[in-house]
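Shown next, in structure tokens, is the structure this report addresses.
Keep in mind the model is a prediction, meaning the values are calculated, not measured. Note that these values count all heavy atoms, side chains included, but never hydrogens, waters or copies made by symmetry.
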Amino acid sequence: MSQIKIFDTTLRDGEQSPGVNLNKLEKLEIAKQLERYGVDRIEAGFPATSEGDFNAVKTIAETLKSTSVTGLARAVKSDIDACWGALKNTKEPCVHIVIATSPIHMKYKLKQTPEEVLNTSVEMVSYASQNFSQIEWSAEDASRSDLDFLARIIEKVIDAGATVINLPDTVGYATPQEYGYMFRYMKENVPNIDRARLSCHCHNDLGMAVANSIAAVENGATQIEGAINGIGERAGNVSIEEVAVALKVRADAYKHTTGIQLDETKRTSDLVAKLTGMYVQSNKAIVGRNAFSHESGIHQDGVLKNPSTYEIITPEMVGVRSNTLFLGKHSGRHAFQDNVKKLGYDLSEEKLQEAFNEFKLLTDRKKDVTDEDLFTILMEVQTDMTKVDKYQLEMFQVQYGTANIPTATVRLKTPAGNAVETACTGTGSVEALYKTLDALIEEDLKLVDYQLNSVGGGKDALAEAHVQLEVNGEKVNGRGAAQDVIEASATAFLNGVNRYIVGQNTTLKKEVVK
């Protein structure tokens, strides 16, 4: 069984999904879980794009112990320098240099000839090799590139110091036969190909990302790039959990293995879904809510007699377990801390106490506290809002009914420390609430998206709200959880506004220092 490396781009390509906006602490939490999940390399961001991305990549790289971290760079010296600045103090610094090689991209996007693209690639890989021992070079839109030209440029960049060659299906256009053939062609026509690892990076525009990735592996690729839950540009990247489980379950057909800890799959999926606000569809392979449900009477009968009649994957394999009571109203702080550690969280004393206090409040209102409830509490206390002055909800009241016009009254404390209060009406309770908050907040606000989800089941389940706002033209996400859906909605709205304020305050402080 050959070992296939897993390259995770959830924090870079995945974060480019419309509506996703992670802060540094959220990125770090995902990165730590990805390390527990067993991915070999994490693409933590694009350091040259912003100081926030630079700091996130730097923090992740300096925190992780066993997983290699890379940063994305265009074939530009300043981008490569930014990656080195973020990664130079880490165990295995790696840079990922991308340049387009397809005729359409070279002509219309780069406005360069093939020879210019070749020379730029060699020059930038050579430049990067002065500092980086690990260099991944990517031929953007490789699947629509001329194979002879691709083979020629790959040979040159390997000679210049590239250690990984990535051939992406950037727009999800290739068929498995075509994509696999490209890798076989490079294995047969690049003389020095044995000096570099071949990597595949598939998008899912035609729904063939998993099939294409496996076709690449069958034809010589030894690294698969993808994202948790398949998030990413447009229709997304290949789902890491899908290819990892496919290689495991069909080991008879695919003689390859990965280092993925499959029993961490569900937890990793849930964390990414909660922090990005991109919730998994019910019928999603491997991690969807219905993945292990059986509605048909014939299916139910078969499963009861022998699960293998209809279940090719056991729930336990991917970390799906019954959401049972783990702690109760009379549980102490020590037992709570043990369960927090079992979920993989390492909290400061201050954050642990804050989480414990929230847990105790929840047990006063909710009989059964589950893993999902605890997970939600931990996500909320981990929210990085620093010490910046921001909006605080002091009071809200919503009146509505079939015979009444929904009316919301809200009192806020502003960042300046002033108390403000007003009331507004709406066609529904949430609209009335959000119109009132909008009237009290000085920033220009536009609600782009609003989602409401139940955490677990039962009448006393927590509600989790997720919003996307445009605050003064900048898109931000907000998240909130409470047993009351209106309170969760208010918390999510203010969370989004406050994340904008924190970001602006940090930027202003940096400008003053400069």
Side-chain angles (χ1 to χ4, degrees), residues 7-17 41 43 45-49 70-80 82-83 94-125 127-128 135-158 160 162-174 178-179 181-183 185-186 190 196-206 208-209 212-213 216 221 223-227 232-238:
F7 177 113
D8 182 273
T9 188
T10 303
L11 298 176
R12 200 277 301 170
D13 200 329
E15 204 203 8
Q16 291 173 202
S17 305
R41 179 164 286 164
E43 188 170 44
F46 192 170
T49 56
T70 188
L72 184 72
R74 295 164 298 183
V76 178
K77 286 184 178 180
S78 58
D79 281 18
I80 296 168
C83 285
C94 175
V95 63
H96 180 193
I97 301 172
V98 178
I99 191 168
T101 57
S102 67
I104 191 170
H105 275 241
M106 290 188 289
K107 180 178 179 179
Y108 293 105
K109 188 179 77 171
L110 298 182
K111 301 186 186 304
Q112 292 183 15
T113 66
E115 285 303 313
E116 287 174 325
V117 169
L118 188 153
N119 292 335
T120 299
S121 298
V122 171
E123 181 186 355
M124 291 302 101
V125 170
Y127 179 75
I135 301 169
E136 176 167 332
W137 177 84
S138 280
E140 185 183 6
D141 206 23
S143 58
R144 295 194 294 175
S145 299
D146 178 79
L147 295 186
D148 288 338
F149 171 65
L150 206 52
R152 191 157 63 93
I153 195 171
I154 289 171
E155 180 182 359
K156 298 293 185 183
V157 295
I158 291 175
T163 56
V164 179
I165 300 298
N166 181 37
L167 303 177
D169 184 26
T170 302
V171 294
Y173 179 75
E178 293 166 343
Y179 195 61
Y181 176 74
M182 177 174 62
F183 283 85
Y185 187 93
M186 299 311 148
V190 178
R197 180 180 296 277
L198 273 175
S199 182
C200 60
H201 179 120
C202 296
H203 281 261
N204 205 37
D205 297 70
L206 294 177
M208 293 191 284
N212 283 342
S213 296
Q223 177 173 281
I224 294 174
E225 305 189 7
E233 291 271 16
R234 305 180 314 279
N237 293 269
V238 68

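Partners of Phe7 by ring pair (Phe, Tyr, Trp, His ring centres under 6.0 Å), not counting sequence neighbours, listed by chain and number: His96.
Among all heavy-atom pairs drawn from Ala128 and Val95, the shortest one is CB-CG1, 4.0 Å. The two residues Tyr179 and Ala216 make their nearest non-hydrogen contact at CE2-CB, 3.7 Å. Met124 and Ile80 make their closest contact through O-CD1, 3.6 Å (heavy atoms, listed as atom of the first residue, atom of the second, distance). The nearest pair of heavy atoms linking Ala139 to Leu167 is CB-CD2, 4.3 Å. Between Ser17 and Gly232, the closest heavy-atom pair is OG-N, 2.8 Å. Scanning all heavy atoms of the two residues, the minimum distance from Ser121 to Val157 falls at CB-CG1, 3.8 Å.
When the shell of 6.0 Å around OH of Tyr181 is examined, it contains 12 or fewer heavy atoms from other residues, nucleotides or ligands. Summarising the local packing, CG of Leu147 is surrounded by more than 12 heavy atoms from other residues, nucleotides or ligands at distances under 6.0 Å. Within a 6.0 Å radius of NZ in Lys109, more than 12 heavy atoms belonging to other residues, nucleotides or ligands are found.
No side-chain donor from either of Asp141 and Thr170 sits under 3.5 Å from a side-chain acceptor of the other. Asn212 and Tyr173 are not linked by any side-chain donor-acceptor pair at a separation below 3.5 angstrom, with hydrogens and angles left out of the test.
With hydrogens and angles disregarded, a donor-acceptor distance shorter than 3.5 Å links the side chain of Asn204 to the backbone of Met208. Listed for the Thr120 side chain is no donor-acceptor partner under 3.5 Å among the backbone atoms of Val117. Counting only distance, with no hydrogens or angles, the side chain of Thr163 and the backbone of Ile135 share a donor-acceptor pair below 3.5 Å. A donor-acceptor contact shorter than 3.5 Å links the side chain of Ser145 to the backbone of Ser102. In terms of modelled atom types and a separation under 3.5 Å, the side chain of Asp79 and the main chain of Arg74 share a donor-acceptor contact.
Rounded to the nearest 0.5 Å, atoms CG (Asp13) and CG (Asp8) are 10.5 Å apart. Residue Leu11 holds its CG atom at 11.5 Å from CD of Gln16, rounded to the nearest 0.5 Å. In this structure, CD in Glu136 is found 7.5 Å from CD in Glu43, a value given to the nearest 0.5 Å. Atom-to-atom distance recorded for Tyr127:OH and Ile97:CD1 is 10.5 Å, nearest 0.5 angstrom. To the nearest 0.5 Å, atom CD of residue Glu140 and atom CG of residue Asn166 are 10.5 Å apart. The structure places CZ of Phe183 at 10.5 Å from CD1 of Ile165, a figure rounded to the nearest 0.5 Å.
In this structure the side chain of His105 never reaches within 4.5 angstrom of the side chain of Leu110, judged on heavy atoms. Put simply, the side chain of Arg234 reaches to within 4.5 Å of the side chain of Val171, judged on heavy atoms. Looking only at side-chain heavy atoms (C-beta outward), Asp169 and His203 stay at 4.5 Å or farther from each other. Residues Arg41 and Cys94 form a side-chain contact, since some pair of their non-hydrogen atoms from C-beta on lies under 4.5 Å apart.
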Subject >> Stepwise side chain to side chain donor-acceptor pair (under 3.5 Å) check, Thr9 with Glu225 >> reply: CA-CA 7 Å; Thr9 188; Glu225 305 189 7; over 6 Å; no
Original post:
Is there a side-chain contact (heavy atoms from CB on, under 4.5 Å) between Trp137 and Ile158 once you walk through the steps?
Top reply: CA-CA 9 Å; Trp137 177 84; Ile158 291 175; over 6 Å; no
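Each salt bridge (Lys or Arg N to Asp or Glu O under 4.0 Å) pair with one or both residues in residues 111-120, not counting sequence neighbours, appears once here: Glu115-Arg152.
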